[in-house]
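I have placed the structure first, in the form of structure tokens, so that the comments after it can refer back to it.
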Amino acid sequence: MRNTPFSGIGTTTAFDEGLQQIRWNPEQGLHIKLTGISGDDMYCKDGVTYTSAGLLALSLESKGVRITVPARLDDVYVTTESEQGCDSYFAVPSGVFAPDKDKEIEGVPAQAVVASSGAASDVYYLSEKDPARLLRMESVRNGRRSGTTYVDFGKATTVTLPDTDRVMTMEEFRAEVDAD
């Protein structure tokens, strides 16, 4: 999947409500737009994640850390670097095939792969025919459930990263928030 464009739509375990729309373009990166929560979004390209300040604040709040984003930073994206590529947002980890959970996704026969770790449990539905693709992911994290369906494989999509004048590092963001 990392080499072909696709889209996805579904819910997220990060928040109790809302919908996420995913677009992946291997050359341009990943875009996840959240609606029904805040309308914020995030991007990823070359292992760098760009998270809108509002979404970052919501994410931190869900972990018990409250911050107030100053109005001057409303349209800023905060970057973080990871040692993983952007495909980690849709990669299928090692798991166990679970034939009892196999089903059709959007009319395509799919094999279920179950991966669990601690309070997290995921079922990945992979197309049975080549090329094997992730068709759906269902997750449970700390009691929250989500499901995302992946579609439009090979269909051209455009991902445009935020302009550089709207981007700052996490350290710069912390300094700006702490200054208030």
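Sequential numbering from 1 along the given sequence is applied to the chain's residues. Just so it is clear, the structure is predicted and the values come from calculations on it, not from any experiment. What's counted below: heavy atoms across the whole structure, side chains too, no hydrogens, waters or symmetry copies.
Taken from OG in Ser121 to CD in Glu138, the straight-line distance is 10.0 Å, to the nearest 0.5 Å. Residue Lys33 holds its NZ atom at 14.0 Å from CD1 of Ile22, rounded to the nearest 0.5 Å. Annotation: the span from Leu73 atom CG to Glu172 atom CD amounts to 11.0 Å, rounded to 0.5 Å. Taking OG1 from Thr148 and CD from Gln21, the interatomic distance works out to 11.0 Å, rounded to the nearest 0.5 Å. Separation of atoms CD (Glu171) and OG1 (Thr79) is listed at 8.0 Å; rounding is to 0.5 Å. In this structure, the separation between CE on Met1 and OG on Ser127 is 9.5 Å, given to the nearest 0.5 Å.
Counting only distance, with no hydrogens or angles, the side chain of Asn25 and the backbone of Glu27 share a donor-acceptor pair below 3.5 Å. In terms of modelled atom types and a separation under 3.5 Å, the side chain of Gln20 and the main chain of Thr11 share a donor-acceptor contact. In this structure, Ser88 contributes its side chain and Gly85 its backbone to a donor-acceptor pair below 3.5 Å. No side-chain donor-acceptor contact under 3.5 Å links Ser117 to the backbone of Ala120. Remark: side-chain polar atoms of Arg23 are not paired, donor with acceptor, to backbone N or O of Leu30 under 3.5 angstrom. In terms of modelled atom types and a separation under 3.5 Å, the side chain of Thr157 and the main chain of Pro5 share no donor-acceptor contact. For Arg72 (side chain) and Glu176 (main-chain N/O), a donor-acceptor pair under 3.5 Å exists by modelled atom type.
With salt bridges taken as basic N to acidic carboxylate O contacts below 4.0 Å, one links Arg141 and Asp122.
Met168 and Tyr50 fall into different hydrophobic clusters, where Ile, Leu, Val, Met, Phe, Trp and Tyr residues are linked whenever their side-chain heavy atoms come under 4.5 Å apart, directly or through other members. Under the 4.5 Å side-chain heavy-atom criterion for ILVMFWY residues, no single connected hydrophobic cluster contains both Tyr89 and Leu161. Val76 and Val65 fall within the same hydrophobic cluster, defined by Ile, Leu, Val, Met, Phe, Trp and Tyr side-chain heavy atoms under 4.5 Å apart, directly or through other members.
Between Trp24 and the options Ser7, Cys44, Cys86, a side chain to side chain contact (heavy atoms under 4.5 Å, CB included) holds for only Cys86. Paired with Leu34 under the rule side chain to side chain contact (heavy atoms under 4.5 Å, CB included), one option of Leu19, Asp41, Leu55, Asp40 passes, and it is Leu55.
In terms of heavy atoms, Gly29 sits closest to Val159 at O-CG2, 3.4 Å. Taking each heavy atom of Ser139 and Met137 in turn, the nearest pair found is OG-CE, 3.4 Å. Of all heavy-atom pairs spanning Tyr124 and Ala91, the tightest one is CE2-O, 4.0 Å. Heavy-atom minimum distance, Lys45 versus Gln28: CD-O, 3.1 Å. Among all heavy-atom pairs drawn from Asn3 and Pro26, the shortest one is C-CG, 3.5 Å. When all heavy atoms are compared, the tightest approach of Ala110 to Ile105 is CB-CG1, 3.9 Å.
A donor-acceptor contact closer than 3.5 angstrom is absent between the side chains of Thr149 and Glu106. No side-chain N or O of Tyr43 forms a donor-acceptor pair with one of Thr51 less than 3.5 Å apart.
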message: I'd like to know whether Thr158 forms a side chain to side chain contact (heavy atoms under 4.5 Å, CB included) with Thr160, so could you lay out the CA-CA distance, the side-chain angles of the two residues, the decisive distance to 0.1 Å, and finally the verdict.
response: CA-CA 6 Å; Thr158 301; Thr160 305; 3.7 Å; yes
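Cation-pi geometry between Lys103 and Tyr125 is met: the NZ or CZ atom falls under 6.0 Å from the ring centre, inside 45° of the normal.
The aromatic rings of Phe6 and Phe153 lie tilted to each other, with the angle between the two planes from 30° to 60°.
Between Tyr150 and Phe90, the ring centre distance reaches or exceeds 6.0 Å.
Within a 6.0 Å sphere centred on CZ of Arg145, heavy atoms belonging to other residues, nucleotides or ligands number 12 at most. Remark: Glu81 CD is loosely packed, at most 12 non-hydrogen atoms of other residues, nucleotides or ligands lying under 6.0 Å away.
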